[in-house]
Amino acid sequence: MNQDDILDSIFSKAISGKGIFKDPSVLKTDYIPQQLLFRDNQVKIIGEVLSPLLRGSKCSNLLLYGKTGTGKTAASLYVLRKLKEKAIERNLIISFPFSNARVAGTEYRVLTDIAEYLDLKIPFTGLAVSEVAKRVLSTIEKKGTLTVIILDEVDYLVKSHGSNLLYELTRANERLQSGFISIIGISNDLNFKDYLDPRVISSLSEEEIVFPPYTVNELKKILAQRAENAFHSNSISSAAINLCAALAGAEHGDARRAIDLMRVSAEIADRENSHILTEDHVRTALQKIEEDRITDSLKTLPIHPKILLLIILLTGDELTTGEVYSKYRDACKKIGVGEVTQRRASGILNELQLIGLISTEVVSHGRYGRTKKIQALIHNSNMEDIVSDDPILKSMIQNPSKNFG
DNA sequence: CCTCCACAGGAAGCGCAGGAGT
DNA sequence: ACTCCTGCGCTTCCTGTGGAGG
């Protein structure tokens, strides 16, 4: 096939909508299905807690617990979507601001997120946090907005910035003449409360719901439901669905991972012009996800971890901490980079082990000391990713003998 | 049984950058 | 524009330790 033909077939496939996908958006992370499986109880409780809003009165604050991919965010957005329909029918002034505290990163940006939902313009920098909070509250008061704020990954905010903002928000109602603020806090960390200020605990966790992990069987049904809407009929084998559920759910029933895996599998199948998604595609996808994860973590590594990792890769054998460190020091001298101490290097090696890029094992050679055996878990072909386009590091791998001879 | 190697890894503190308060 | 505060990467200094060799 010449290039023209290849492009023709790609484009005509896209136009005709053939291939596997019927509606790829169903597999996106922010998609909320029409029916939320295995979360009847949680949906019911959230609904009950929020229902006073329809009479215009304040609802209790709510705290949702559960590991990643257990449907916390989906369940709350699901209920709010329904609630919104009802509220609009009744001409209520409502707003359901959503902010992911980990993505936002700071109290300031969480407040900016909230303000955006209230049609309030906040400069992206320059104001004190308390000033932004004041503006948000006065907007709510002026319009009499019934506000339910969803704070996703709120544990992150509290761990990094304390519970000041939560405290301000939970007691804001005392000062509001009209409108109110209710909060749905979503936490991945079951021990989240330990980090909270006791003043905040009592008001934030008026109601609590725990989201247990999905079982592998439940994951299968969730995937089947998504597959039905995302793919053309008969485009995915049930064996492939089962494998997705088993592979992704093995650890702790993470639906997001399972759906991600199915999406990547489908993309691979689609690109191969295959009309059916098979177990092989799933296995390839799992490998690709893992490779992408490694490539990603390699590229974002700081310089010293990169040098240490290159030393380990270039040497190839099992090394001890002392051997790695002396080779590392030589390399630093030759490429003109300031070196870190052995203590720090040892710490970096531990970090690399945690990410899963090297394996380490403490061993004792008796009279000849106690050290760590260090081995690379990644392949030499990953060296390009480590080096990226850093000319200094490039010289290390282009001329290994010169730098390590 | 004791010694002593070659580190592991804890504790404390330092300098810096970047954000908050004024 | 300025100080103050905080988190982070790092260094310095330190104590702890499994087991081969004496």
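All heavy atoms count here, side chains included; hydrogens, waters and symmetry mates do not. Chain letters run A, B, ... following the sequence lines, proteins first, then strands; residues in each count from 1.
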Chemist: Scan A:E351 against the nucleic acid and name what it touches under 4.0 Å (heavy atoms): base, sugar-phosphate only, or nothing.
Modeler: nothing
Chemist: In this structure, how many angstroms lie between the P atom of C:dG18 and the CZ atom of A:R370, rounded?
Modeler: 5 Å
Chemist: Is the distance from OP1 or OP2 of B:dA8 to the nearest side-chain N or O of A:N350 less than 4.0 Å?
Modeler: no
Chemist: Rounded to the nearest angstrom, tell me the gap between atom CG in A:L354 and atom C1' in B:dG9.
Modeler: 14 Å
Chemist: Check the distance between C:dG9's P and A:L352's CG and give it to me in whole angstrom.
Modeler: 13 Å
Chemist: If I take atom NE2 in residue A:H304 and atom C1' in nucleotide C:dG9, what distance separates them, rounded to the nearest angstrom?
Modeler: 10 Å
Chemist: Is the distance between the ring centroids of A:F21 and A:F231 less than 6.0 Å?
Modeler: yes
Chemist: Starting at the 5' end of DNA chain B, which residue's closest nucleotide do you reach first, A:I374 or A:G369?
Modeler: A:G369
Chemist: When you measure only distances, ignoring hydrogens and angles, does the side chain of A:R343 come within 3.5 Å of the base of B:dG10 through a donor and an acceptor?
Modeler: yes
Chemist: With the threshold set at 4.0 Å, does a side-chain nitrogen-carboxylate oxygen contact exist between A:R293 and A:E290?
Modeler: yes
Chemist: Distance check: side-chain N/O of A:T341 vs OP1/OP2 of C:dC10, anything under 4.0 Å?
Modeler: no
Chemist: Tell me whether the side-chain N/O atoms of A:R344 come closer than 4.0 Å to OP1 or OP2 in C:dC10.
Modeler: yes
Chemist: Please determine if a side-chain N or O atom of A:S364 lies less than 4.0 Å away from the OP1 or OP2 oxygen of B:dC5.
Modeler: no
Chemist: Please give, in whole Å, the distance from C:dT11 P to A:Q342 CD?
Modeler: 12 Å
Chemist: Would you say the side chains of A:T68 and A:N188 form a donor-acceptor pair under 3.5 Å?
Modeler: no
Chemist: Return yes when atom CD of A:E384 has more than 12 non-hydrogen atoms of other residues, nucleotides or ligands closer than 6.0 Å, and no otherwise.
Modeler: no
Chemist: Could you tell me if A:R39 sits above the aromatic ring of A:Y214, with its cationic atom closer than 6.0 Å to the ring centre and no more than 45 degrees from the axis?
Modeler: yes
Chemist: Within this structure, what is the OH-to-P distance between A:Y325 and C:dC10, rounded to whole angstrom?
Modeler: 12 Å
Chemist: Find the distance A:I348:CD1 to C:dT11:C1' and express it as a whole number of Å.
Modeler: 12 Å
Chemist: Check the phosphate of B:dA6 against A:K372, side-chain N and O only, distance under 4.0 Å to OP1 or OP2. Yes or no?
Modeler: no
Chemist: Please report the distance, rounded to the nearest Å, between OH in A:Y368 and C1' in C:dG18.
Modeler: 15 Å
